[in-house]
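What follows is a short report on a single structure.
These values consider heavy atoms only, across backbone and side chains, with no hydrogens, waters or symmetry-generated copies. Every chain is numbered from 1, with letters handed out A, B, ... down the list of sequences.
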Number of protein chains: 2
Amino acid sequence: MVDVRGGDLSRLRQLNSLTAIRELRRAGPLTLSALAERTGLSRPSMKEVTAELMELGWVEEVPPSPGTMGRPARRYRFRADSGYLVGVDIGGHNIRAALSDLDGEILAETRQPVLPDASLEERLSAIERAVSGCLALSRTSVSDLWTIAVGTIGVIDVEGRVIYSAAVPAWRDLDLAGKLREMFPCQVLIENDSRLAAMAESRRGAAKGVRDLVFLHVGRRMGAGLVIDGKVHRGFGAAAGEISMLPESRWFDAPEHLNTCPSVPEDTAPEDAAGWTLAAARAGDPVALAAVERYVDDLAVGTAAMVLILDPQMVVLGGGFSRSSDVLLGPLRERLRRTCMRMPEVLPSTLGDECVVVGAIEYAVDHLDDQLFTPDRGPLPVTR
Amino acid sequence: MVDVRGGDLSRLRQLNSLTAIRELRRAGPLTLSALAERTGLSRPSMKEVTAELMELGWVEEVPPSPGTMGRPARRYRFRADSGYLVGVDIGGHNIRAALSDLDGEILAETRQPVLPDASLEERLSAIERAVSGCLALSRTSVSDLWTIAVGTIGVIDVEGRVIYSAAVPAWRDLDLAGKLREMFPCQVLIENDSRLAAMAESRRGAAKGVRDLVFLHVGRRMGAGLVIDGKVHRGFGAAAGEISMLPESRWFDAPEHLNTCPSVPEDTAPEDAAGWTLAAARAGDPVALAAVERYVDDLAVGTAAMVLILDPQMVVLGGGFSRSSDVLLGPLRERLRRTCMRMPEVLPSTLGDECVVVGAIEYAVDHLDDQLFTPDRGPLPVTR
DNA sequence: CTACTAATGAAGCGCTCCTTCGTAAGTCGA
DNA sequence: TCGACTTACGAAGGAGCGCTTCATTAGTAG
């Protein structure tokens, strides 16, 4: 049941304007006739719509493309640069930020290292530095920001308050959205990092176009993000994907197999042990290979649970360990094939470390789209 | 992003007509002014819309309600009796059927016992008898049937072919939809029974209005149905909810604890053993109680997996064993509370044995709605 | 320089919805 | 029984939006 109420004539115009914007965003600069054909309107009507949209500042004219037969057609494009979005990935060791235009085209990226045990203030000021860096790189000012979307570990409630975070103690019970709203004069969105990563892969990464996706966020901590019917699944209390809490899933302690592999040199820093084991496995070290096997044994149990419950089209392996997906994917596929009723595609992430930032940008774009395309609001005028 | 393309003026009228139909279906007979207020249209326009809908046979006038101030208003209602829907539950031991009008109001129900090892022909003819029974009870003819929706165990592909069915051997690889289309001259829909039951509970049962639901279909076989974001989740290969295939979920063998309880009398039929154990547990038999505990221990593992992965608002316990939910719910809640990050509501089914049939009817109604409310189709004229 | 092509812009038409008005059909109170 | 009141009905006039049509304009090709 499509949730559209009919009504006024102006509603029709509004619908048509939105369709025009959508087409322009999707297909770049278009001529009037092309736009008319795509939207199903006649050219004269389309003309009126574009005139109105130009008036409001959503659309602008670009030079016609020369070298065509006949009179050159005017071309119009969506003014993606009338506002900017920022995506932030708050990780344990790094804070990444990216700035994009309203189309989600990334214009600048920065990274700020932080210590895992950094205080709340240090962490927040690192966020501020990361975002300011993006603004400086892209020569935009904070007043041009429309939305800032943040991905972080832990369970975040609907209002953007951190409910639970095992990894970052300072985060616990923090009103993160509130803090960020004090820092930036724009809309603030908070979401779990694994979910954003899942979204990113389903939009721009390995799972482009896939409507049902399980994203494995594997690294020193284990997480999962679900895309169901093309949308990120949050769950009723925003706690979806927390399968590692279940002992039988064998996810919680799975990374220990890699950390405690006997062939890791003694002087290796604890946070590098897993990486060392994976590298050794790739080089053929039998002890490391055995550790990886044990790790994948465990990883496969929780993964199979998700696959059997959801029957997704695809499973994407992402997160820190996905750099070693060549070592992990084979055994994982083999184990899943044994248990799963219908074997999904199992692919490595193509966005790597960028996945959370990219997902945050996508999340912000989605939010904008929601605002634009929900019934009962006229398009907003744009400041010039 | 709402999936609506603007366009023609007639599209607007169509939208308004559909909104009117929807309101009439939801709120029963309505006066013109009430309808106008609900749809947002003015009364004169509403008048024209209803006139058109009456012309097409979708709507009819009912006598005005007397005893009001002022001139009595004409009232209109959706002609739910211009067509009929049938829902069928193909179980191991019983085939149930129900007939409803286009609103999903159930008008007749029948049940046909079948033996678990009945042949394909016997089973199909039992279906025919069940449906004919409904038609006779409600004095309708098969030509008035618009849709027949069937719920059955096993995995059914998109075209209505049974891919896998552990319980009913004759079902394997059967083109069930094809067979039924030969039997009935109307649309045929096939869906997994647990999913239909989940749908039923989320529409008319314990989970009314709940958008994220895990339905436990527990009985001699274990199944699960998921409602996510208000919609039944099928999965990419229609195999969602098959958690019992995973050994670690401990679902597959869970019923054995009830079947092999030592205090079950030796002369009990195998299919009644579990029921006996549950009854004994309710009466306080300590051996039976211990068996139930072991059963719930196992049931809780797979359930916790689903809850942690999906974070649903509610878990509903349904299926054959749900008659004993007073014995099962307490221990189940206790175990879930221990493992789950956010404890969902856990309630017993309110539809009991009817759940699959009711779900099938709901499924047929939904299908009708989809056809009605998807863009680009004019309302069909109704035979009078 | 002319023929051809393709987009433009203005004019006229039809449909759908809105507002406004006088009229009709009931109930309530004397 | 009759008048006042309440509420809905139905017709008329008007505005907004989109469609079709056609003369005009700005390019390319020969």
Side-chain angles (χ1 to χ4, degrees), chain A residues 4-21 23-24 29-56 59 61-77 375-376 378-379, chain B residues 4-21 23-24 29-56 59 61-77 375-376 378-379:
Chain A
V4 166
R5 312 179 30 152
D8 210 329
L9 279 291
S10 61
R11 176 101 184 84
L12 193 62
R13 163 59 66 96
Q14 187 190 338
L15 242 43
N16 284 334
S17 301
L18 292 176
T19 320
I21 289 189
E23 286 302 322
L24 283 176
L30 287 173
T31 70
L32 222 50
S33 334
L35 206 46
E37 191 179 354
R38 278 160 192 269
T39 55
L41 267 68
S42 69
R43 231 202 23 252
S45 311
M46 202 64 251
K47 164 77 204 219
E48 242 176 296
V49 171
T50 36
E52 190 180 84
L53 287 175
M54 280 179 64
E55 191 76 20
L56 292 168
V59 160
E61 205 175 330
V62 294
S65 52
T68 61
M69 271 295 223
R71 178 172 177 169
R74 291 178 161 188
R75 290 191 312 160
Y76 302 88
R77 74 174 193 91
D376 308 327
Chain B
V4 166
R5 314 178 30 153
D8 211 332
L9 280 290
S10 63
R11 176 99 186 87
L12 192 61
R13 163 60 65 94
Q14 186 190 338
L15 242 45
N16 284 334
S17 302
L18 292 176
T19 319
I21 289 189
E23 286 303 322
L24 284 176
L30 287 173
T31 70
L32 221 51
S33 335
L35 206 45
E37 191 179 354
R38 280 160 190 267
T39 55
L41 266 68
S42 69
R43 232 206 17 259
S45 311
M46 202 64 249
K47 163 78 202 209
E48 242 176 294
V49 170
T50 39
E52 189 180 84
L53 287 175
M54 281 178 63
E55 191 76 21
L56 291 168
V59 159
E61 205 174 329
V62 294
S65 52
T68 61
M69 272 295 223
R71 177 174 178 170
R74 293 178 161 188
R75 289 191 311 158
Y76 302 88
R77 74 173 192 90
D376 307 328

[atom1] of [X] to [atom2] of [Y]: how many Å apart, nearest 0.5 Å?
{"X": "A:Glu37", "Y": "A:Met46", "atom1": "CD", "atom2": "CE", "answer": "12.5 Å"}
{"X": "B:Lys47", "Y": "B:Arg74", "atom1": "NZ", "atom2": "CZ", "answer": "5.0 Å"}
{"X": "A:Thr50", "Y": "A:Leu30", "atom1": "OG1", "atom2": "CG", "answer": "11.0 Å"}

Closer to the 5' end of DNA chain D via nearest nucleotide, is it A:Met69 or A:Arg13?
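Nearer the 5' end of the strand: A:Arg13.
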
Ignoring backbone atoms, test whether [X] places a side-chain nitrogen or oxygen under 4.0 Å from the OP1 or OP2 oxygen of [N].
{"X": "A:Ser45", "N": "D:dG18", "result": "no"}
{"X": "A:Lys47", "N": "C:dT8", "result": "no"}
{"X": "B:Asn16", "N": "C:dT16", "result": "no"}

Contact summary for [X] and [Y], nearest pair of heavy atoms:
{"X": "A:Ala20", "Y": "A:Leu35", "result": "O-CD1, 4.2 Å"}
{"X": "A:Leu24", "Y": "A:Tyr76", "result": "CD2-O, 3.5 Å"}
{"X": "A:Leu53", "Y": "A:Ser17", "result": "CD1-O, 3.9 Å"}
{"X": "A:Met54", "Y": "A:Val59", "result": "CG-O, 3.3 Å"}

Nearest whole Å is fine: how far is [N] [atom2] from [X] [atom1]?
{"X": "B:Arg74", "N": "C:dG26", "atom1": "CZ", "atom2": "P", "value": "11 Å"}
{"X": "A:Glu37", "N": "C:dA7", "atom1": "CD", "atom2": "C1'", "value": "14 Å"}
{"X": "B:Leu15", "N": "C:dC17", "atom1": "CG", "atom2": "P", "value": "10 Å"}
{"X": "A:Glu48", "N": "C:dT8", "atom1": "CD", "atom2": "P", "value": "15 Å"}
{"X": "A:Glu52", "N": "D:dG18", "atom1": "CD", "atom2": "C1'", "value": "14 Å"}
{"X": "B:Leu12", "N": "D:dC19", "atom1": "CG", "atom2": "P", "value": "13 Å"}
{"X": "B:Met46", "N": "C:dT19", "atom1": "CE", "atom2": "C1'", "value": "18 Å"}

Go nucleotide by nucleotide along DNA chain C from the 5' end; which of B:Val49 and B:Pro72 gets its closest nucleotide reached first?
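It is B:Val49 whose nearest nucleotide is closer to the 5' end.
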
Find every protein N or O atom lying less than 3.5 Å from an N or O atom of nucleotides 22-24 of chain D, and list the pairs.
none

Identify which nucleotide among D:dC9, C:dT20, C:dT8 has an atom closest to any side-chain atom of B:Leu32, counting heavy atoms from C-beta outward.
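Closest nucleotide to the B:Leu32 side chain: D:dC9.
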
Counting only side-chain heavy atoms from C-beta out, which of D:dT20, C:dA7, C:dT19 sits nearest to A:Ser42?
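Nearest to the side-chain atoms of A:Ser42, counting from C-beta on, is D:dT20.
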
